[in-house]
Asks: 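Have a look at this one before I ask anything.
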Amino acid sequence: MAKTTDIRPVITLRSTAGTGSTYTTTKNRRNTPNRLELLKFDPVLRKRVIFQEVR
């Protein structure tokens, strides 16, 4: 049986605005094999921007 860390790895999301803000989360590799993009709050800009997965 596969470990849960193999199926759901911890990933880092970095702001596309270039402020250096990051979030950490997990994702399911089977459902989302591509890079993850989420609309999250950037505390430096104080507004929501797109955060992309960093490999």
Side-chain angles (χ1 to χ4, degrees):
M1 188 168 170
K3 294 181 182 179
T4 54
T5 56
D6 294 337
I7 298 169
R8 295 192 64 86
V10 175
I11 61 167
T12 302
L13 299 172
R14 182 161 293 145
S15 175
T16 57
T19 60
S21 299
T22 60
Y23 283 96
T24 57
T25 186
T26 60
K27 77 167 189 175
N28 191 331
R29 276 193 193 152
R30 292 180 187 163
N31 295 338
T32 54
N34 299 327
R35 288 191 181 194
L36 190 63
E37 289 187 349
L38 295 174
L39 191 64
K40 304 282 282 179
F41 181 77
D42 191 335
V44 177
L45 294 177
R46 296 180 57 186
K47 60 193 227 181
R48 294 186 304 163
V49 295
I50 295 175
F51 280 71
Q52 289 182 339
E53 177 182 348
V54 177
R55 290 190 182 166

Asks: Identify every side-chain donor-acceptor pair in residues 17-26 under 3.5 Å, counting partners at least two apart or on other chains, and give the distances.
Replies:
from  : atom 1 : to    : atom 2 : distance (Å)
Thr19 : OG1    : Ser21 : OG     : 3.3
Thr19 : OG1    : Asp42 : OD1    : 3.3
Thr19 : OG1    : Asp42 : OD2    : 2.7
Ser21 : OG     : Asp42 : OD1    : 2.9
Tyr23 : OH     : Phe41 : O      : 2.8
Thr26 : OG1    : Arg8  : NH2    : 3.3

Asks: Ignoring hydrogens and angles, write down the donor-acceptor pairs under 3.5 Å from the side chains of residues 44-55, residues two or more places apart or on other chains.
Replies:
from  : atom 1 : to    : atom 2 : distance (Å)
Gln52 : NE2    : Glu37 : OE2    : 2.7
Glu53 : OE1    : Lys27 : NZ     : 3.0
Glu53 : OE1    : Leu36 : N      : 3.0

Asks: For residues 9-20, pull every pair meeting salt bridge (charged side-chain N to carboxylate O under 4.0 Å, His left out), keeping only residues two or more places apart or in separate chains.
Replies: none
Asks: Rounded to the nearest 0.5 Å, what separates atom NZ in Lys40 from atom OG1 in Thr16?
Replies: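 Separation between the atoms: 13.5 Å.
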